[in-house]
Amino acid sequence: MLFKQQVWLRQKLLVLGSLAVGSLLYLVARVGSLDRLQPICPIEGRFGGRGQAEFPLRALQFKRGLLHEFRKGNVSKEQVRLHDLVQQLPKAIIIGVRKGGTRALLEMLNLHPAVVKASQEIHFFDNDENYAKGIEWYRKKMPFSYPQQITIEKSPAYFITEEVPERIYKMNSSIKLLIIVREPTTRAISDYTQVLEGKERKNKTYYKFEKLAIDPNTCEVNTKYKAVRTSIYTKHLERWLKYFPIEQFHIVDGDRLITEPLPELQLVEKFLNLPPRISQYNLYFNVTRGFYCLRFNVIFNKCLAGSKGRIHPEVDPSVITKLRKFFHPFNQKFYQITGRTLNWP
Ligand code: A3P
């Protein structure tokens, strides 16, 4: 009797075991085929040439590891050749504005698997000496990427430098141009804070912001002060519009990029004709830093350097009011030209 029961139990276990193994095998096969069947989102739009549009972004994401290794010097020339890595001229440039959040924007866009950033500011178009070295020199400064990816560089000095629009136009008249702006008075103070920090590092004294921003003789806003001039965005933009139509520009709200980066980045993805790939997962608020930081994956995340997000010195409120009043008509014009209204006072 006991023996019969044991045999029956063994047979039952065998059946159950086979069922479990069978189900497992079915699941593995199903998941595998699902993976293959899943539609792979192409990189759409003007950036993709024929064939490029079919490149799976997941593969790009996977291959980024190789790019990273290459930048660290861990990948051989042979591997570069094998993987078709190239140094491409930028398809989009963050042309400014200094202290608008240009670094944050570049780093955040670099979260997108189809974007590769030029880490350093190259200053090709604003620096005569660099410009004289020619376009090949510029291209060689670009990071390695896959042909389906787009390279983005940022040099905020481009926005305010006279010769730059024409030079960029000569390189690529259909290039996409990103401008990140902040409320003009805050940006001017941020600009001042950066210079002040540099002076302090060299043990030098510096004027107070109020003294630089307001002409002591006239008590009017000092338009000769560079930090003030840079914040007259419309004046600079008008020079650019002699070469590029407004459709080729995208305005990023730098103040919103600080508090709510994702929607701003999604607008940029759209402008660049990239499929939406940056998600809330990629951005997390770091309480210690007081800013959003970047999460590439479970292992790798980073915040911007400490030089981003400095504490500004206190500025006389009457000077702030005067500056805001001064910038107001220029801001209105800027909104009108760009079609983007920002909530500046
Ligand atoms: P402050 O230092 O005045 O706060 P840029 O990169 O063009 O020099 O701009 C610097 C500004 O980027 C900083 O100005 C900071 O406010 C802003 N910024 C935007 N997002 C940021 C982020 N996630 N981390 C740090 N700084 C950020």
Side-chain angles (χ1 to χ4, degrees), residues 43-49 52-53 88-98 100-106 108-110 112 114-118 121-126 131 135 138-139 142 145 147-182 230-254 256-257 263-278 330-342:
I43 303 170
E44 305 132 339
R46 276 179 263 175
F47 286 138
Q52 291 185 356
Q88 308 186 69
L89 287 172
K91 294 256 168 50
I93 304 182
I94 301 170
I95 56 173
V97 180
R98 176 182 151 94
T102 53
R103 173 57 61 184
L105 178 61
L106 182 72
M108 288 175 181
L109 288 178
N110 192 52
H112 196 292
V115 171
V116 179
K117 62 162 186 181
E121 289 181 13
I122 300 174
H123 290 281
F124 176 63
F125 297 104
D126 63 307
Y131 190 64
I135 205 83
Y138 182 52
R139 200 180 58 77
M142 293 299 153
S145 61
Q148 299 80 4
Q149 292 179 306
I150 62 162
T151 302
I152 301 187
E153 85 123 325
K154 76 117 180 163
S155 293
Y158 290 167
F159 186 58
I160 57 161
T161 309
E162 193 80 28
E163 301 81 6
V164 174
E166 186 182 357
R167 289 175 177 178
I168 293 186
Y169 181 84
K170 280 183 182 158
M171 173 186 75
N172 178 359
S173 62
S174 60
I175 196 157
K176 300 215 171 191
L177 302 163
L178 294 161
I179 307 174
I180 179 163
V181 288
R182 268 163 96 191
T230 302
S231 282
I232 310 176
Y233 306 137
T234 185
K235 288 269 175 233
H236 301 287
L237 181 61
E238 279 165 31
R239 275 189 304 102
W240 283 83
L241 289 172
K242 288 182 191 147
Y243 292 89
F244 299 96
I246 195 67
E247 295 73 35
Q248 263 168 259
F249 296 85
H250 176 75
I251 306 300
V252 178
D253 180 347
R256 190 164 173 233
L257 192 84
E264 278 305 314
L265 295 170
Q266 287 170 334
L267 289 174
V268 181
E269 286 180 323
K270 222 180 221 176
F271 172 70
L272 297 178
N273 288 320
L274 295 171
R277 283 293 177 279
I278 304 171
F330 297 114
N331 296 344
Q332 296 303 311
K333 186 106 186 273
F334 184 72
Y335 302 157
Q336 190 206 326
I337 295 175
T338 59
R340 179 141 203 203
T341 304
L342 299 153

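Identified under the salt bridge (Lys or Arg N to Asp or Glu O under 4.0 Å) test for residues 231-250, with sequence neighbours left out: E238-K333. Residues in residues 156-174 take part in these salt bridge (Lys or Arg N to Asp or Glu O under 4.0 Å) pairs, two or more places apart or across chains: D128-R167, E166-K170.
The shortest side-chain heavy-atom distance between Y233 and I251 does not fall under the 4.5 Å cut-off. Here the side chains of K117 and L109 are not in contact, with every heavy-atom distance at 4.5 Å or above. For the pair K91 and K176, the minimum side-chain heavy-atom distance is 4.5 Å or more. For the pair L265 and L257, the minimum side-chain heavy-atom distance is below 4.5 Å. F334 is listed as a side-chain neighbour of V181, based on a closest heavy-atom distance under 4.5 Å. Side-chain atoms of V97 and I179, non-hydrogen and from C-beta on, do get closer than 4.5 Å to each other. The shortest distance between side-chain heavy atoms of I152 and I94 falls below 4.5 Å. For the pair Y158/L177, no side-chain contact is recorded, criterion being any heavy-atom separation below 4.5 Å from C-beta on.
To the nearest 0.5 Å, atoms CG (L89) and CD1 (I150) are separated by 13.0 Å. In this structure, N331 CG and T341 OG1 are separated by 11.0 Å, a value rounded to the nearest 0.5 Å. A distance of 10.0 Å separates CZ of F249 from CD1 of I337, quoted to the nearest 0.5 Å. Note that CE of M171 is 12.5 Å distant from CZ of R139, once rounded to the nearest 0.5 Å.
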As a quick check of understanding, evaluate side chain to side chain contact (heavy atoms under 4.5 Å, CB included) for L274 and V115, giving each step before the final call. CA-CA 9 Å; L274 295 171; V115 171; 3.6 Å; yes

Could you walk me through whether I278 and E269 pass the side chain to side chain contact (heavy atoms under 4.5 Å, CB included) test, one step at a time? CA-CA 8 Å; I278 304 171; E269 286 180 323; 3.3 Å; yes

Side chain to side chain contact (heavy atoms under 4.5 Å, CB included) between V268 and L178: does it pass, once the steps are laid out? CA-CA 8 Å; V268 181; L178 294 161; 3.8 Å; yes

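Remark: Y169 engages S173, Y243, F244 in a side-chain contact (heavy atoms from CB on, under 4.5 Å) (not counting sequence neighbours). Judged as a side chain to side chain donor-acceptor pair (under 3.5 Å), and not counting sequence neighbours, the contacts of Y138 are E153. Applying the side chain to side chain donor-acceptor pair (under 3.5 Å) criterion to D126, with sequence neighbours excluded, gives H123. With sequence neighbours excluded, the residues satisfying salt bridge (Lys or Arg N to Asp or Glu O under 4.0 Å) with R103 are E107. Taking E264 as the reference, R256, R340 meet the salt bridge (Lys or Arg N to Asp or Glu O under 4.0 Å) condition, with sequence neighbours excluded. T230 pairs by the side chain to side chain donor-acceptor pair (under 3.5 Å) definition with nothing, not counting sequence neighbours.
Taking the six-membered ring where tryptophan is involved, the planes of F159 and H236 are tilted, since the angle between them lies from 30° to 60°.
Taking both residues in full, the closest heavy atoms of M142 and P90 are given as CE-CD, 3.6 Å, listed atom of the first, atom of the second, then distance. Contact record, F125 with V164: O-CG2, 3.4 Å, taken as the closest heavy-atom pair. Listed here is the closest heavy atom pair of G101 and I180: O-CD1, 3.6 Å. Across all their heavy atoms, P165 and T161 have their closest contact at CD-O, 3.6 Å. For the residue pair P275 and H112, the shortest heavy atom distance occurs at O-NE2, 2.7 Å.
Side chain of S155 to backbone of I122: a donor-acceptor contact under 3.5 angstrom is found.
In this structure, a donor-acceptor pair under 3.5 Å is present between the side chains of Q88 and S145.
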